[in-house]
Amino acid sequence: MPGLDVEELPDISGRLPGPALAGELADLPLGGLDEHALIEAMRAARRLTSWAESLELSAIAELDRRRSVQADRYGAWTVEMGRALCDEVSAALTLSGTAAVIRLGMATMLEGPLLETGRALAQGRIDAGKARVICDGVLGVSHDIARKVEALVLPDAPRLTTRQLAGRVRTAIKDADPDAYERRRKAAEKGRRVELYDNPDGTADLAARDLPAEDADAAYNYLNALANALKADGDQRPIDAIRADVVLELLRGKRPQDLFPAAAEPEQAPTPGTPAAPEDTAAAPQDTASSASDIPAVTSREADSEAAAETAGLVAEARASQRPTGPGGTRRNDSPRPGRTGGDTGREEAAAMTQAIRDELSDLFGQTRHRGGPAEKRLLVAEAARRIKDALSPLKVRWCALAVDPEGNLVHGHDAYRPPAGMRRLIQTRDGTCTFPTCNRRAAKCDLDHTIPYHKGGPTCPCNVATLCRGHHLLKQHPDWTLIHIWPGVLLWISPTGHWYLVGPAP
């Protein structure tokens with residue numbers, strides 16, 4: 001399509017980001033622009049993205065200031081306040097805990113020692129990735145040194161990639177404060193570790209982090225030499241695949257010389273009449289407690305306390321009652337899925353209940369989102385959730401009375417604080433991970449927490465016990481956070497601002 005007459009289009013080249021530029025970009029006929037104008041539209045969109053990022057970080061910084069004032073007023077530890085704020089940001093923005101810490105750190109730096117970097121981000125001269133490179137680069141140095149480094153690297157930052165900028169920052173810090181650079185390097189090396197990540201395509205990443213640079217270079221050179229030797233020996237795999245396979249073989253105990261086919265004993269053909277050796281077909285044991293469910297988090301809605309209970313109760317009862325029952329009314333697991341134990345963990349009922357309750361609360365809270373302040377919103381959400389919980393109570397009692405662990409033992413109302421082994425496995429398999437909205441710590445590594453404390457009458461039962469990592473177990477004790485266990489495996493978190501996050505198994 002031929003380009004439109006440029007005189008008919010707004011001039012967006014070099015325009016500062018803001019609502020006006022956003023409106024003009026939204027109205028641009030991209031299909032009718034020439035190539036030059038398309039490049040200018042791309043740049044303008046990137047400036048708008050940076051501006052939006054700066055608004056988000058400014059909001060985080062303002063919330064941080066308010067939480068600091070509250071911590072001083074209540075006499076709370078700063079570190080406790082910081083952890084709770086990170087959890088609040090994590091839940092609100094559906095970020096991992098680590099990502100929330102990074103956002104909070106950036107927000108603090110950009111409105112403190114790196115004020116000019118914050119301005120550059122708001123004006124669209126740099127993007128959030130470059131702002132993070134500068135923030136990460138000056139961690140551990142004094143504010144004066146941080147400002148000097150900023151003054152050296154910021155002018156050229158718009159034309160550099162993040163990798164190039166990181167090199168400039170590293171050089172600037174080494175020149176400005178060699179001692180601080182060395183202290184930071186040693187501190188990072190103390191935190192060296194190996195991490196394992198699951199990928200969406202079913203593969204995994206295994207990474208050794210924060211190693212001494214010289215040792216890492218030597219290890220890579222050794223690995224590369226082995227891979228190149230195998231390639232020269234006729235290995236047809238791509239060199240990257242050879243390196244990856246060599247790492248796995250060495251870590252699993254194979255000697256370097258055993259990697260080469262010529263070093264292995266030649267395979268002998270079986271003598272006629274000699275039976276072939278049986279193959280080892282035993283499968284590796286599976287950790288049934290590690291099946292992680294996708295934990296949904298919903299957008300914040302403020303609540304009223306009327307009308308939710310009856311509808312949610314009826315919908316949930318209808319869905320939960322669809323499960324078949326075995327002899328004596330005990331639910332049976334007719335079609336077990338991988339990762340589940342032989343017992344019925346209640347994941348299907350909990351997933352159906354989660355969706356029913358979320359739909360009802362979303363409709364209800366959407367009508368009252370602008371009512372009252374944070375304290376009133378917390379009360380409204382909690383009251384609505386408790387009414388739903390009360391309405392579901394008769395159904396829940398019947399459900400719990402029939403629940404059995406993987407060994408077939410009844411699990412409702414155990415008369416001790418510590419859950420028995422069967423109940424523990426049932427709860428861990430049902431929850432999969434920590435039941436905070438954005439936490440992915442495996443349930444097997446979490447605490448089993450009584451939502452209503454045992455010493456306050458809370459039963460040791462799947463309807464009152466859920467998996468929480470130690471950090472979110474502590475967050476539950478925060479006076480401005482509320483946790484309500486509406487149904488076994490379905491929990492509602494209410495933040496200090498009155499926002500709510502419903503957690504349950506994925507359908």
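Given the structure is predicted, the values throughout are model-derived calculations rather than measurements.
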Subject >> Donor-acceptor contact below 3.5 Å, side chain D449 vs main chain H473 >> reply: no
**OP:** Verify side-chain contact (heavy atoms from CB on, under 4.5 Å) between L57 and E111, making sure each step is shown before the conclusion.
**Re:** CA-CA 9 Å; L57 292 170; E111 297 207 358; over 6 Å; no
**OP:** Give a yes or no on whether a salt bridge exists between R386 and E383, defined as a side-chain N under 4.0 angstrom from a carboxylate O.
**Re:** no
Original post:
Between T203 and N199, is there a donor-acceptor pair closer than 3.5 Å when you use the side chain of the first and the backbone of the second?
Top reply: no
Original post:
Under the 3.5 angstrom rule, does the side chain of S362 hit a backbone N or O of R358 as a donor-acceptor pair?
Top reply: yes
**OP:** Evaluate side-chain contact (heavy atoms from CB on, under 4.5 Å) for T451 paired with V465, printing each intermediate quantity in order.
**Re:** CA-CA 6 Å; T451 307; V465 178; over 6 Å; no
Original post:
Going by heavy atoms in the side chains, are V138 and M109 under 4.5 Å from each other?
Top reply: yes
Subject >> Inter-residue atom distance R442.CZ - D431.CG, 0.5 Å rounding >> reply: 14.0 Å
Original post:
Would you call E62-R65 a salt bridge at under 4.0 Å N-O?
Top reply: yes
**OP:** Specify whether H472 and F436 have parallel, tilted or perpendicular ring planes, treating 30° as the upper limit for parallel and 60° as the lower limit for perpendicular.
**Re:** parallel
Subject >> Least distance between heavy atoms, P17 atom then G124 atom >> reply: CG-N, 4.1 Å
Subject >> Carboxylate-amine/guanidinium proximity below 4.0 Å for E116 and R119 >> reply: yes
Original post:
Ion pair present between E189 and R184, side-chain N to carboxylate O less than 4.0 angstrom?
Top reply: no
Subject >> Flag side-chain contact, heavy atom, 4.5 Å: I357 against L392 >> reply: yes
Original post:
Does one side chain, of E88 or S495, offer a donor that lies under 3.5 Å from an acceptor on the other?
Top reply: no
Original post:
In Å, rounded to the nearest 0.5 Å, how long is the span from OG1 of T482 to NZ of K476?
Top reply: 11.0 Å
**OP:** Please lay out, stage by stage, how L206 and L251 fare under the test side-chain contact (heavy atoms from CB on, under 4.5 Å).
**Re:** CA-CA 11 Å; L206 181 65; L251 290 177; 3.8 Å; yes
**OP:** Could you verify whether a donor N or O on one side chain and an acceptor N or O on the other, from R425 and Q428, lie under 3.5 Å apart?
**Re:** no
Original post:
Minimum heavy-atom separation for P462 to L426, with atom names?
Top reply: CG-CD2, 4.0 Å
Original post:
How about P394 and R398: do any of their side-chain heavy atoms sit closer than 4.5 Å?
Top reply: yes
Original post:
Take atom CZ in R132; do more than 12 heavy atoms of anything else shown fall under 6.0 Å from it?
Top reply: no
**OP:** Output yes when a side-chain donor or acceptor of W493 lies under 3.5 Å from a complementary backbone atom of T435, and no otherwise.
**Re:** yes
Subject >> Over 12 foreign heavy atoms within 6.0 Å of CZ, R252 >> reply: no
Original post:
How many angstroms lie between CD1 in I126 and CZ in R46, if you round to the nearest 0.5 Å?
Top reply: 12.0 Å
Original post:
Are H450 and Y417 an aromatic pair by the rule of ring centers under 6.0 Å?
Top reply: yes
Original post:
Nearest 0.5 Å, what's the CH2-CD distance between W487 and E349?
Top reply: 7.5 Å
Subject >> Pairwise side-chain contact, I486 with L502, heavy-atom cut-off 4.5 Å (strictly under) >> reply: yes
Original post:
Do the non-hydrogen side-chain atoms of D64 and L104 ever get within less than 4.5 Å of each other?
Top reply: yes
Original post:
How close do A146 and V141 get, heavy atom to heavy atom, and via which atoms?
Top reply: N-CG2, 4.0 Å
Subject >> Exam field: side chain T49 to backbone A45, donor-acceptor pair closer than 3.5 Å >> reply: yes
Original post:
At their closest point, which heavy atom of K130 faces which heavy atom of A157, and how far apart are they?
Top reply: NZ-O, 3.0 Å
Subject >> Derivation of the salt bridge (charged side-chain N to carboxylate O under 4.0 Å, His left out) call for E182 and R185 >> reply: CA-CA 5 Å; E182 188 64 18; R185 183 188 65 80; 2.3 Å; yes
Original post:
Is the shortest heavy-atom distance from the side chain of R103 to the side chain of E53 under 4.5 Å?
Top reply: yes
Original post:
Minimum heavy-atom separation for L491 to A466, with atom names?
Top reply: CD2-CB, 3.9 Å
**OP:** With the side chain counted from C-beta on, respond yes when L468 and C446 share a heavy-atom pair under 4.5 Å apart, and no when they do not.
**Re:** no
**OP:** Would you indicate whether the side-chain heavy atoms of L95 and T438 approach each other to under 4.5 Å?
**Re:** no
Original post:
For D447 and R470, what are the C-alpha separation, side-chain angles and deciding distance, and is it a side-chain contact (heavy atoms from CB on, under 4.5 Å)?
Top reply: CA-CA 6 Å; D447 298 336; R470 185 55 54 90; 2.6 Å; yes
Original post:
How long is the span from the CD atom in E56 to the CG atom in L121, to the nearest 0.5 Å?
Top reply: 10.5 Å
Original post:
At their closest point, which heavy atom of T429 faces which heavy atom of R347, and how far apart are they?
Top reply: O-NH1, 3.5 Å
Original post:
What's the spacing between I173 CD1 and I145 CD1 if we round to 0.5 Å?
Top reply: 9.0 Å
Original post:
Is the backbone N or O of A416 less than 3.5 Å from a side-chain atom of T460, with the two atoms forming a donor-acceptor pair by type?
Top reply: yes
Original post:
Under 3.5 Å, side chain of R378 to main-chain N/O of P496, donor-acceptor pair present?
Top reply: yes
Subject >> Salt bridge present between D240 and R243 (N-O < 4.0 angstrom) >> reply: yes
